[in-house]
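See below for the structure under consideration.
Sequence positions, counted from 1, serve as the residue numbers for this chain.
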Amino acid sequence: MTATPTSLPELRLEALHRYPVKGLSPEELEQVTLEAGRYFPGDRLFAIENGPSGFDPAAPKHQPKIKFLMLMRNEALARLITRYDDETSVLTIRQGDGLVVEADLSTPEGREAVEAFFRAEFADSLRGPPRLLAAPDGFRFTDSARGFVSLLNLASVAATQDMVGAPVDPLRFRANLHLTGLPPFAELDLVGRILATAGGVRLRISKRTERCAATNVDPATGIRDLAIPRTLSTRLGHADCGVYAEVLHGGRLERGETLRIEA
């Protein structure tokens, strides 16, 4: 950014979300404790493999999202409401008004129950048997190999809404942290900069987030109703909205607190 150190804006953390299962629904949080060098807690712990992906939990490597069930191609996922309990390892999946799966993911029977549901409900989308994958320690099923924590500038979402001429739910972007205080798309100029809280959390912005067709899907209805990446590319010359960050120093983050841009 071109602002001088004395005019750097302060940012407000408006919301926190985690996505325990890649491609499935968000869980809103009031606070979270970050650890240096680690991923956002409870985020992208699991993924639904769409046919054999070659993923090896003993030697985990980042895989392209096309190898999993994901919103970019499987918009019906947005109609599932899921919750994961860290203490019991139980995943619940609701569809419409009903509970369709309640499974302990720490057991073979629980994982098979989840796989059986996707095998039946997403048969037309499958390239092979669906398999529930669990991330080994120190690994997550993020879209980016360096996607430790994802940040979304809500002013960029508002500007995108103006461009497409329709309401845009920030949850379309599936970010961990929703921030205010920056002009639209100013977050893209923060790559290499550090955000810090009064409690000592320090995040280094590592890269811009290029958006894919998953953002075209309404997270409430599962309807593919917008063309966000194409609109961004046409209007801005790129499809970037939001950024990724690495945790340099951990600590607690709470909704409503302030982050400053270090000069």
Side-chain angles (χ1 to χ4, degrees), residues 1-20 22 26-45 62 135 137-160 170-212 215 232 236-263:
M1 297 178 65
T2 57
T4 63
T6 56
S7 64
L8 291 174
E10 287 192 338
L11 313 183
R12 176 183 164 89
L13 180 55
E14 302 291 351
L16 303 91
H17 294 89
R18 72 174 193 170
Y19 295 80
K22 184 179 184 68
E27 296 181 5
E28 188 167 7
L29 307 170
E30 286 297 310
Q31 61 86 28
V32 70
T33 300
L34 301 179
E35 297 182 47
R38 307 282 288 187
Y39 289 89
F40 192 86
D43 195 52
R44 276 77 171 186
L45 295 171
H62 182 260
D137 186 48
F139 182 85
R140 293 291 183 270
F141 294 105
T142 53
D143 285 351
S144 169
R146 295 170 58 200
F148 295 97
V149 180
S150 55
L151 294 79
L152 182 67
N153 175 9
L154 294 183
S156 299
V157 178
T160 301
L171 292 178
R172 287 180 184 257
F173 298 87
R174 302 179 66 79
N176 300 131
L177 307 180
H178 292 182
L179 302 170
T180 55
L182 285 170
F185 302 103
E187 76 276 12
L188 305 180
D189 297 325
L190 293 180
V191 174
R193 303 297 290 270
I194 292 172
L195 306 183
T197 70
V201 173
R202 298 178 77 238
L203 305 173
R204 180 170 56 208
I205 307 302
S206 55
K207 61 179 296 188
R208 294 155 60 142
T209 306
E210 183 178 3
R211 294 301 170 179
C212 70
T215 57
L232 293 176
L236 304 178
H238 61 76
D240 300 337
C241 182
V243 289
Y244 287 112
E246 301 172 68
V247 183
L248 297 183
H249 194 281
R252 189 168 68 175
L253 277 179
E254 294 185 355
R255 186 171 65 87
E257 74 174 285
T258 297
L259 297 89
R260 70 181 187 280
I261 304 169
E262 291 192 348

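Glu246 contributes no side-chain N or O that, together with a main-chain N or O of Arg204, makes up a donor-acceptor pair within less than 3.5 Å. With hydrogens and angles ignored, the 3.5 Å screen pairs no side-chain donor or acceptor of Thr215 with any backbone N or O of Arg172. With hydrogens and angles disregarded, no donor-acceptor distance shorter than 3.5 Å links the side chain of Thr197 to the backbone of Leu259.
Here the closest heavy-atom approach between residue Ile261 and residue Arg193 is recorded as CG2-NH2, 3.8 Å. Taking both residues in full, the closest heavy atoms of Ala145 and Tyr39 are given as O-OH, 3.8 Å, listed atom of the first, atom of the second, then distance. In terms of heavy-atom proximity, Leu152 sits nearest to Pro170 at CD2-O, 3.6 Å. Nearest heavy-atom pair across Glu30 and Leu16 is O-CD1, 3.8 Å. When every heavy atom of Phe141 is checked against every heavy atom of Leu45, the shortest pair comes out as CE1-O, 3.7 Å. For the residue pair Ala159 and Phe185, the shortest heavy atom distance occurs at CB-CE1, 3.8 Å.
Surrounding NE2 of His62 are more than 12 heavy atoms belonging to other residues, nucleotides or ligands, all under 6.0 Å away. Around atom CZ of Arg18, more than 12 heavy atoms belonging to other residues, nucleotides or ligands sit under 6.0 Å away.
Checked for salt-bridge contact, Arg38 and Asp137 meet the test: a charged N lies under 4.0 Å from a carboxylate O. Here Arg260 does not pair with Glu10 in a salt bridge; the nearest charged N to carboxylate O distance is not below 4.0 Å. A salt bridge links Arg202 to Glu262: at least one charged side-chain nitrogen sits closer than 4.0 Å to a carboxylate oxygen. Between Glu14 and Arg12 there is a salt bridge, since a side-chain N of the basic residue sits under 4.0 Å from a carboxylate O of the acidic one.
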inquiry  = Go through it in stages, so that I can follow the logic: the residues are Asn176 and Phe148, the test is side-chain contact (heavy atoms from CB on, under 4.5 Å), and I'd like the CA-CA distance, side-chain angles, deciding distance and then a yes or no.
reply    = CA-CA 10 Å; Asn176 300 131; Phe148 295 97; over 6 Å; no
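A heavy-atom distance below 4.5 Å is not found between the side chains of Leu179 and Asn153. Side-chain contact between Leu177 and Leu13: present, with at least one pair of heavy atoms (C-beta onward) separated by less than 4.5 Å. A heavy-atom distance below 4.5 Å is not found between the side chains of Leu154 and Phe173. When side chains are defined from C-beta on, Arg44 counts as touching Arg174, because their heavy atoms get closer than 4.5 Å. Using a 4.5 Å heavy-atom threshold, the side chains of Asp143 and Lys22 count as touching.
Relative orientation of the His178 and His17 rings is tilted, given thresholds of 30° and 60° on the angle between their planes.
In this structure, SG on Cys241 lies 12.0 Å from CD on Glu210, to the nearest 0.5 angstrom. Going from atom OH of Tyr244 over to atom CZ of Phe40 covers 13.5 Å, rounded to the nearest 0.5 Å. Taken to the nearest 0.5 Å, the OG atom of Ser156 stands 11.5 Å off from the CG atom of Leu151.
The side chain to side chain contact (heavy atoms under 4.5 Å, CB included) with Leu203 is formed by just one residue from the set Val243, Val247, Ile194, Leu190; it is Val247.
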